[in-house]
Amino acid sequence: MPLPAHRAARPSALRVVAAAAVLALVSGCTSSSAPERPLTRPSAAGAGAGAGASGASEAAGGDASDPLFPALGNPGYDVQDYTLALDWTPQGNRLTGTATLAIQATAELDAFTLDFHAMDVQDVTVDGAPARTRRDDDKLTVTPAAPIPAGRAFTARIAYSGVPKTITDPDGSHEGWMKTDDGAVALGEPAGAPGWFPGNHAPYDKAGYDITVTVPQGLTAVSNGKLVDHAVHDGRESFHWNSPEPMASYLAMVAIGRFRVSEDTAAGVPAYYAVDPEEESDRTNAIPATVDAMLAWADRRFGPYPFASTGAVVGHLPDLGYALETQTRPFFETAPEPDTVVHEMSHQWFGDSVTPRTWNDMWLNEGFATYTEWLWAEDHGGPSTRTSFETSYDRSGPAGQGVWAFPPGAPGSPKNVSGPPVYERGAMALQKLREAVGDEAFFTIVRTWLSDHKHGVVETADLRALAEHVSGKPLGPLFDTWVYGKAKPPKD
Ligand code: TRP
Ligand code: ZN
């Protein structure tokens with residue numbers, strides 16, 4: 001049987017990497033961009049330094065910093081809810097925002113840091129009282145009038161304005177706030193959220209989001225969740241979006257443009273689609289049917305769709321080089337092929353609902369999303385997952401390179417988070433797990449994984465423990481070989 005089109009196409013990872021290389025060249029030629037400033041500095045401003053600007057030892061949990069992006073996040077507090085009121089003007093790409101964060105202190109806080117790149121901060125209050133602030137590059141330190149005891153709930157409000165930032169990653173890819181020909185797009189994986197709002201921008205701190213975006217009349221502003229209000233006044237339009245389910249900040253999205261909007265349902269879930277007119281095509285028109293079919297199929301394979309709304313945004317950013325599984329409503333940089341739709345929708349379960357605690361475990365996102373593409377093919381007249389495994393294995397070259405360049409569970413460098421081992425060898429590891437425990441146990445493991453950790457955060461050890469529990473088999477050697485092994489494992 002011939003390979004279906006999506007098997008012949010590039011694996012998602014290769015597309016990301018190829019585009020990243022192009023963008024790296026482009027940014028290397030841009031004299032205005034800061035040369036090679038690493039995003040990850042194991043400095044005192046990072047999460048590892050703890051909650052307080054002073055008194056680092058007060059942080060809960062010791063050194064909780066991300067192994068690949070140690071500068072992101074702060075373990076000393078837990079954001080419950082973000083309320084963002086954003087006003088954007090195309091002239092000069094200016095954003096005026098108010099971020100209201102409902103926070104719970106997990107350590108005593110003399111002061112606390114928020115991840116936020118250099119926009120102007122006008123005013124910061126904690127529980128309504130003015131707080132002192134300090135800027136260090138990509139951290140905003142807030143010192144309330146009095147220390148906040150551990151366990152206390154409080155509200156921080158940050159008023160800011162300026163030109164929001166595009167972030168260039170160690171691998172050369174771009175995220176954060178990006179201007180387009182007819183608007184702007186904000187994407188966050190892995191380190192883009194600090195470019196447009198202050199927060200605790202590590203994947204482990206999930207929160208509810210309420211995002212209102214005001215734009216000039218005639219533009220549409222799309223974000224995550226449900227559109228709860230839309231108002232026009234004084235030549236400006238406001239779009240109010242609400243996401244009650246917890247969301248990691250890298251999955252928050254805003255897309256502004258002259259979109260063609262359609263509303264629908266997919267497998268019974270309210271769906272909102274926004275398409276850049278430049279990307280209108282048969283392929284784009286096919287998205288709602290693919291989403292509908294995918295959600296119904298995944299409900300049977302994986303369990304219930306974890307959110308109250310769905311949809312997609314199709315932008316026109318051919319140079320971006322990647323799509324992103326922005327929560328409830330993936331963002332596609334151009335009209336996507338069906339396998340890419342399946343991939344991003346798979347992330348709604350794997351990554352969005354069940355989120356890795358650190359970027360080190362990115363393979364739990366990309367391995368499962370790639371494996372979902374294999375499973376989808378298997379269930380729709382394409383090759384079996386075993387055949388996809390062998391195809392991947394056979395074309396993946398010698399040890400030490402490509403898919404075998406590093407173990408999926410230990411990328412080692414922030415450059416590697418979108419590398420082929422994270423995607424394809426991650427999917428191979430899941431195929432090996434399926435073969436080791438059998439189909440029945442495998443799908444019980446997958447469904448239990450998704451229901452036990454719904455809206456939570458996880459690490460690889462949790463998957464191994466669950467798989468051993470369900471199957472009754474010791475799986476240490478399998479994980480050591482396929483997830484953590486540096487060597488190219490034998491095929492069978
Ligand atoms: N998660 C995206 C996908 O697979 C790809 C991606 C976009 C990505 N930005 C990234 C992967 C940054 C790693 C890091 O659909
Ligand atoms: Zn992915």
Side-chain angles (χ1 to χ4, degrees), residues 6 9-24 39-40 66-69 72 166-178 185-195 201-203 247-253 294 298 312-315 317 319-327 329-334 336-356 358-376 406 408 411-427 430:
H6 82 269
R10 87 296 165 272
S12 319
L14 298 188
R15 188 169 57 155
V16 169
V17 170
V22 172
L23 286 165
L39 277 176
T40 50
D66 193 286
L68 300 180
F69 292 87
L72 291 176
T166 302
I167 310 293
T168 302
D169 286 326
D171 73 359
S173 61
H174 289 187
E175 71 262 6
W177 191 276
M178 296 170 285
V185 175
L187 300 173
E189 190 178 31
H201 293 314
M247 176 162 80
S249 74
Y250 78 91
L251 298 166
M253 171 269 297
M294 196 284 173
V313 178
V314 181
L317 278 93
D319 294 338
L320 185 64
Y322 65 81
L324 192 62
E325 63 267 28
T326 44
Q327 191 157 303
R329 191 160 294 118
F331 178 85
F332 300 95
E333 80 290 11
T334 55
E337 295 181 47
D339 69 316
T340 306
V341 176
V342 168
H343 181 105
E344 303 311 335
M345 282 298 160
S346 166
H347 278 307
Q348 303 304 310
W349 284 260
F350 303 104
D352 294 11
S353 171
V354 179
T355 307
T358 74
W359 291 112
N360 213 52
D361 281 330
M362 180 70 147
W363 84 277
L364 292 171
N365 285 9
E366 302 304 345
F368 268 113
T370 303
Y371 197 71
T372 302
E373 293 183 59
W374 294 3
L375 266 178
W376 171 266
F406 57 86
S413 154
K415 278 197 190 74
N416 288 342
V417 283
S418 60
V422 173
Y423 284 70
E424 274 194 77
R425 188 167 157 190
L430 293 170

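What you see is a predicted model; the values in this text were computed from it and never measured. Counting starts at 1 for both ligands and their atoms, following the listed order. Values reported hereafter were calculated over all heavy atoms of this structure, with side chains retained and with hydrogens, waters and symmetry mates removed.
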Next on the checklist: Please check this pair: side chain of Tyr322 against backbone of Ser173, looking for a donor-acceptor N/O pair closer than 3.5 Å.
Outcome noted: no
Checklist entry - Would you say Glu175's side chain and Ala191's backbone share a donor-acceptor pair under 3.5 angstrom? => result yes
Checklist entry - Just wondering, do Trp363 and Leu430 contact through their side chains at under 4.5 Å, heavy atoms? => result yes
Checklist entry - Within a strict 4.5 Å, meaning less than it, do heavy atoms of the Val417 and Leu68 side chains meet? => result yes
Any N/O pair [X]/ligand 1 closer than 3.5 Å:
{"X": "Ser173", "value": "no"}
{"X": "Tyr322", "value": "no"}
{"X": "Glu366", "value": "yes"}

Checklist entry - Are Asn360 and Thr358 linked by a side-chain donor-acceptor pair shorter than 3.5 Å? => result no
Checklist entry - If you take all heavy atoms of Pro170 and Phe69, which pair is closest and at what distance? => result CD-CE2, 4.1 Å
Next on the checklist: Could you work out, with side-chain contact (heavy atoms from CB on, under 4.5 Å) as the rule, every residue matching Ala186, not counting sequence neighbours?
Outcome noted: Trp177, Trp196, Val254
Checklist outcome for this item: Sorted by chain and residue number, the side-chain contact (heavy atoms from CB on, under 4.5 Å) partners of Ala369 (sequence neighbours excluded) come out as His343, Ser346, His347, Glu366
Checklist outcome for this item: Checking heavy-atom distances from atom 6 (C) of ligand 1 to each of Glu325, Glu189, His174, Glu333, the winner is Glu189
Next on the checklist: Could you work out, for atom 14 (C) of ligand 1, the closest of Thr340, Val417, Thr326 by heavy-atom distance?
Outcome noted: Val417
Item to check | Atom name, His347 (N, O or S, nearest to the Zn ion (ligand 2)) | outcome: NE2
Checklist entry - When you measure from the Zn ion (ligand 2) to each N, O or S atom of Glu366, which atom gives the shortest distance? => result OE1
Next on the checklist: Is the ring pair Tyr250/Trp359 parallel, tilted or perpendicular, if the boundaries are 30 and 60 degrees?
Outcome noted: perpendicular
Could you tell me, atom by atom, which parts of ligand 1 come under 4.0 Å of a heavy atom of [X]?
{"X": "Tyr423", "answer": "2 (C), 3 (C), 4 (O), 5 (C), 11 (C)"}
{"X": "His343", "answer": "3 (C), 4 (O), 15 (O)"}
{"X": "Ser418", "answer": "11 (C), 13 (C)"}
{"X": "Glu344", "answer": "3 (C), 15 (O)"}

Next on the checklist: In this structure, does ligand 1 have an atom that sits under 4.0 Å from one of the heavy atoms of Glu175?
Outcome noted: no
Next on the checklist: Quick check on the Zn ion (ligand 2): does Glu325 put an N/O/S atom closer than 2.8 Å to it?
Outcome noted: no
Item to check | Side chain, backbone, both or neither: Ala369 near ligand 1, heavy atoms under 4.0 Å | outcome: neither
